[in-house]
**Q** 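This is the structure, below, for whatever I ask next.
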Amino acid sequence: MEVAPDLLGRTLVRALPDGSRLAGRIVEVEAYEPGDAASHGNRRMTDFNATMFGAPGRLYVYFTYGNHWMMNVVTRPRGDASAVLLRAVEPIDGIPIMEANRGRSLVTDLCSGPGKLTKALAVDKSLDGTDLVRGHDVWIEAGDPVAAEHIAVGIRVGVSVGLDKDWRFVERGSGFLSKGKPGPPSGSRRRRTTT
DNA sequence: CGTTGGATTGGCT
DNA sequence: GCCAATCCAACGC
């Protein structure tokens, strides 16, 4: 939680096997803490979320909703199971490649959401556990920190519990934020097979 | 062992 | 506005 706002403004870099460099400025994150009902870390440790329990400074990648990867930064020491979800970045380098990955050319729509971000940067489970400080596939650079007065906070997006926590941090006024609406999903639109 | 629901997105009605 | 895509773990029987 303490480091989540600090990640805003930093540069997320992804180096592809062919040497291409993709980079973006982090503009939206959410914190997930130990004991947080909305966090995977609140459940038992499995292969699915093991990275979250591991060493800090690593990349935690997981799959959800059947077809979307999410990328997180593990922030607390081994055993504490916390992470910061990277929800949106402002594209800087390798935009044409991002466009190809996303099948879209609107720059504000390339990385404006957690699932979009991973697709644009070609991030998947194979990068789970990567060291974001020393890694050579994906890492985070210092970038330009966002001043506290330009950071807006709010409740997290897409979760139905833990709404009492203002753990979503965004760069105020950025045009590259996700379109997810904070708070519970608009009704529970989950399919009902039972009659 | 079968069903449900989720840190989502994109496409169709 | 509503639903499908499609994987994993919790929960109910």
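We name chains A, B, ... by the order of the sequence lines, and we start the count at 1 in each one. Atoms considered below: every heavy atom in the structure, side chains included; atoms not considered: hydrogens, waters and symmetry mates.
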**Q** Considering only NZ, NE, NH1 and NH2 on the basic side and carboxylate oxygens on the acidic side, decide whether A/Glu171 and A/Arg87 come within less than 4.0 Å.
**A**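 No, this pair does not count.
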**Q** Roughly how many Å is it from CG in A/Asn42 to C1' in B/dG6, rounded to a whole number?
**A** 15 Å
**Q** Taking only N and O in the side chain of A/Arg43, is any of them less than 4.0 Å away from OP1 or OP2 of B/dG5?
**A** no
**Q** Distance between the C1' atoms of C/dA9 and B/dT9, in whole angstroms?
**A**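 Their C1' atoms lie roughly 22 Å apart.
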**Q** Indicate yes or no: does A/Asp109 engage A/Lys179 in a salt bridge with an N to O separation below 4.0 Å.
**A** yes
**Q** Other residues, nucleotides and ligands only: do more than 12 of their heavy atoms fall within 6.0 Å of CG on A/Asp164?
**A** yes
**Q** In whole angstroms, how far is the C1' atom of B/dT8 from the CG atom of A/Asp124?
**A**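 One finds 17 Å between C1' of B/dT8 and CG of A/Asp124, rounded.
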**Q** One thing to verify: whether A/Glu33 and A/Lys165 come together as a salt bridge, which I'm taking to mean a side-chain N less than 4.0 angstrom from a carboxylate O.
**A**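 Salt bridge between A/Lys165 and A/Glu33, a charged N being under 4.0 Å from a carboxylate O: no.
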**Q** From the options B/dG6, C/dC8, B/dT9, select the nucleotide whose nearest atom is closest to the side chain of A/Thr64.
**A** B/dG6
**Q** Hey, does A/Lys116 reach any base, or is it just sugar-phosphate, or nothing, if we go heavy atoms under 4.0 Å?
**A**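 Sugar-phosphate only.
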**Q** Give one of base, sugar-phosphate or nothing for A/Thr46, where a contact means two heavy atoms less than 4.0 Å apart.
**A** sugar-phosphate
**Q** Take the protein atom CZ of A/Phe63 and the nucleotide atom P of C/dA9, then report the distance between them rounded to whole Å.
**A** 13 Å
**Q** Does A/Arg102 place a side-chain N or O at less than 4.0 Å from the phosphate oxygens OP1/OP2 of B/dT9?
**A** no
**Q** Find the distance A/Tyr60:OH to C/dC8:P and express it as a whole number of Å.
**A**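 One finds 12 Å between P of C/dC8 and OH of A/Tyr60, rounded.
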**Q** Tell which nucleotide pairs with B/dC12, taking only Watson-Crick or G-U wobble pairs whose two distances are both under 3.5 angstrom.
**A** C/dG1
**Q** Using a heavy-atom cut-off of under 4.0 Å over every strand shown, decide if A/Arg168 touches base, sugar-phosphate, or nothing.
**A**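 Counting heavy atoms under 4.0 Å across all strands, no contact is made by A/Arg168.
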**Q** Could you work out the separation of B/dG10 and C/dC8 based on their C1' atoms and round it to a whole Å?
**A** 22 Å
**Q** Could you give the distance from CE (A/Met52) to CG (A/Asn72), rounded to the nearest 0.5 Å?
**A** 6.5 Å
**Q** Nearest whole angstrom, please: distance from the P of C/dC8 to the CG of A/Asn49.
**A**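 It is 13 Å, rounded to the nearest whole Å.
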**Q** In whole angstrom, give me the gap between the P atoms of C/dT6 and B/dC1.
**A** 25 Å
**Q** If you take the centroid of each ring, where Trp contributes its six-membered ring, are A/Tyr32 and A/His40 closer together than 6.0 Å?
**A**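 No, ring centres 6.0 Å or more apart.
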**Q** In whole Å, I'd like the distance from the CG atom of A/Leu106 to the P atom of B/dT9.
**A**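 Going from A/Leu106 (CG) to B/dT9 (P), I get 15 Å.
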**Q** For A/Asn67 and B/dG10, what is the distance between atoms CG and P respectively, to the nearest whole Å?
**A** 10 Å
**Q** Tell me whether the side-chain N/O atoms of A/Arg44 come closer than 4.0 Å to OP1 or OP2 in C/dA9.
**A**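 For C/dA9, OP1/OP2 do not have a side-chain N/O of A/Arg44 under 4.0 Å.
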**Q** Rounded to whole angstroms, how far apart are CG on A/Asp36 and P on B/dG6?
**A**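 After rounding, the reported distance stands at 15 Å.
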**Q** Measure from the side chain of A/Arg104, starting at C-beta and using heavy atoms only, and say which of B/dG6, B/dG10, B/dT9 lies closest.
**A**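 Closest nucleotide among those given: B/dG10.
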**Q** Heavy atoms only, 4.0 Å cut-off, all strands: where does A/Met45 land among base, sugar-phosphate and nothing?
**A**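 The answer is nothing, as A/Met45 stays clear of every strand by at least 4.0 Å.
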**Q** What is the nucleic acid contact for A/Gly66, judged by heavy atoms within less than 4.0 Å: base, sugar-phosphate only, or nothing?
**A**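 Base, at least one base heavy atom under 4.0 Å.
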